[in-house]
Amino acid sequence: MTPLLSVQGISKRYGIHIGCADVSFDLYPGEVMGIVGESGSGKSTLLNCLAGHLAPDEGQVIFDTRADGPRDTLTMSEPERRMLGRTDWAFVHQHARDGLRMGVSAGGNVGERLMAVGERHYGNIRNKATDWLGRVEIDAARVDDRPTTFSGGMQQRLQIARNLVTGPRLVFMDEPTGGLDVSVQARLLDLLRGLVRDMGLSAIIVTHDLAVVRLLADRLMVMKSGHVVEAGLTDQVLDDPQHAYSQLLVSSVLQV
Amino acid sequence: MTDYNFAYLDEQTKRMIRRAILKGLAIPGYQVPFASREMPMPYGWGTGGVQVSAAVLTPEDTFKVIDQGADDTTNAVSIRTFFERTAGVETTTTTCDASVIQTRHRIPEEPLSEGQILVYQVPIPEPLRFLEPRESETRKMHSLEEYGLMHVKLYEDISRHGHIATSYAYPVKVEGRYVMDPSPIPKFDNPKLGDMAAIQLFGAGREQRIYALPPYTQVVSLDFEDHPFEASKADHPCGMCGAIDSYLDELIIDDTGGRMFVCSDTDFCEARQLAGHKGKDAA
Ligand SMILES: Nc1ncnc2c1ncn2[C@@H]1O[C@H](COP(=O)(O)OP(=O)(O)OP(=O)(O)O)[C@@H](O)[C@H]1O
Ligand SMILES: [Mg+2]
Ligand SMILES: [Zn+2]
């Protein structure tokens, strides 16, 4: 089987500082990869390099495109990459306000990607937006309200709806549950798990929270100082960590 | 006092502006940056349009200025006087006699012809500005033809008002390529933008942008399949000349709330009255 995403030797430096170094892995269709590690370990740097938001210094990010099969997204033209970014790829930011248009209604937020790919029927856009609000458990009556009037959890769910409405195949998420109350986190996680399963999504999820990866990720990478120090099936890495740093990470969480 | 050049600007500046105009004509709807000059009037008075007019005027030209359709507002009169003084060109209020027409907020009712130039004063040239304040991002959206955001604006309109409520500065797509702000003309005027025989030049002074529509350019107003564009106007005939197809201003005529609708294009209305057309409010 062809990997959906094949990451090869990605490195990114900030001046003399290492952002991430020589990261390689394959992600297969329907798989969810978790990336964990302490603050500053390079998780966001790696994710942004993969999603085309940051240009890495070295490496390849090969995506199995619908039209032309595997292509290095780093060397494709910017229009092609941006087109991927609003069709087959989705990016869920930690802070919903980074991923939403706060001055636009919920319906407009969800509809934007549809309009960006050429949908020109208002009624259809509105129906799809309302349908997606329902799928992320937001009352359809809120369709014309701005996200500024939503709670943090609702904003995050709206951001997810806005991203998934075009049926992407690969979703990048940076701390999607960060900054939310624990009870709100749990509900969001359940929702995400349901969507990932129902839509057969592939995803790469960056998080501090081992509970998140336990619930969502099939596989796990542990990062430290920009390097991947351990990778494997989630349950294996969490239950039987091999690397001393992973052991520390798992045990420190167990103490909480 | 004549210590300034013909039409106020020096020749070098005019050449720079003409280059921007030519580039704009070559790429219809594309916003060309130019080094806007200080003019002896405030920005709100249409310094972008004034600079474009200064760059295209020749001593043989006949110049007309309209503001909201009228030749006699303070703004129109002072710009007309400015070029009478600095360029010594002839001026007129008759649309068909003018070779260069500078305008704010209207396109004349009478169809323009080849050889005429219509110069628009533009306050905000960027149609995407409303939803995307970052200039770097809007420039990229234009270059990559990413115009989904324009429809988000129209979507918001319909969701809030039940119909597309944008009635001025209604966005258009030019030759299937660039999305353009036609300046704050009423959307009633949008259909006149396309396929026009005259050259249309747009100047934004404070924002330092020039863009253009060469004659007979395709211009399409954006819309949705189920909410098509409509060039609406007040549903009345003109009270003075009886015209049923012109854009109307609503006037309060007495202190008991009496109202009257008259053509906003004063030259058009007067010409019709002279030709014997009479509306119900005409004396
Ligand atoms: N724009 C930048 N300029 C310079 N250094 C940066 C920049 N962004 C990140 N870094 C550095 O790169 C390293 C990796 O940062 P990154 O943000 O990827 O970590 P992270 O694992 O996402 O951390 P967190 O969990 O706190 O979000 C850190 O040492 C950080 O200080
Ligand atoms: Mg981070
Ligand atoms: Zn009239």
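Just so it is clear: chains get the letters A, B, ... in the order the sequence lines come, proteins before strands, and each one is counted from 1.
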### Query
Has B/Leu22 got more than 12 heavy atoms of other residues, nucleotides or ligands less than 6.0 Å from its CG?
yes
### Query
Looking at B/Ser159, B/Ser143, B/Gly148, which makes the most heavy-atom pairs under 4.5 Å with chain A?
B/Ser159
### Task
Please determine if B/Lys153 and A/Glu112 form a salt bridge, counting it only when a charged side-chain N lies under 4.0 Å from a carboxylate O.
no
### Query
For atom CD of B/Glu250, is the number of surrounding heavy atoms from other residues, nucleotides or ligands below 6.0 Å larger than 12?
yes
### Query
Can you find a heavy atom in the side chain of B/His151 that is under 4.5 Å from one in the side chain of A/Glu119?
no
### Query
Quick one: does B/Glu146's side chain have a donor or acceptor within less than 3.5 Å of a partner on A/Ala116's backbone?
no
### Message
Quick check: closest heavy atoms across B/Tyr155 and A/Ser105, and the distance to 0.1 Å?
### Response
CE2-OG, 3.8 Å
### Side chain / backbone / both / neither for B/His227 at chain A, heavy atoms under 4.5 Å
side chain
### Query
Are any non-hydrogen side-chain atoms of A/Met115 and B/Val152 less than 4.5 angstrom apart?
yes
### Task
For residues B/Leu144 and A/Pro79, report the shortest heavy-atom separation together with the two atoms involved.
CD2-CG, 3.2 Å
### Message
What's the separation between atom CD in B/Glu225 and atom NE2 in A/His121, rounded to the nearest 0.5 Å?
### Response
6.0 Å
### Residue A/Arg113 versus chain B: region with a heavy atom under 4.5 Å
neither
### Query
Looking only at heavy atoms, which two atoms of A/Gly103 and B/Glu156 are closest? And how far apart?
O-OE1, 4.3 Å
### Proximal component of B/Leu131, with respect to chain A [non-hydrogen, under 4.5 Å]
both
## Note on the structure
To the nearest 0.5 Å, atom OH of A/Tyr122 lies from atom CD1 of B/Ile164 at 10.0 Å
### Message
Determine whether a donor-acceptor pair (N or O, by modelled atom type, separation under 3.5 Å) exists between the side chain of B/Asp226 and the backbone of A/Gly123.
### Response
yes
### Note, A/Ile125 side chain near B/Phe224 side chain (heavy atom, < 4.5 Å)
yes
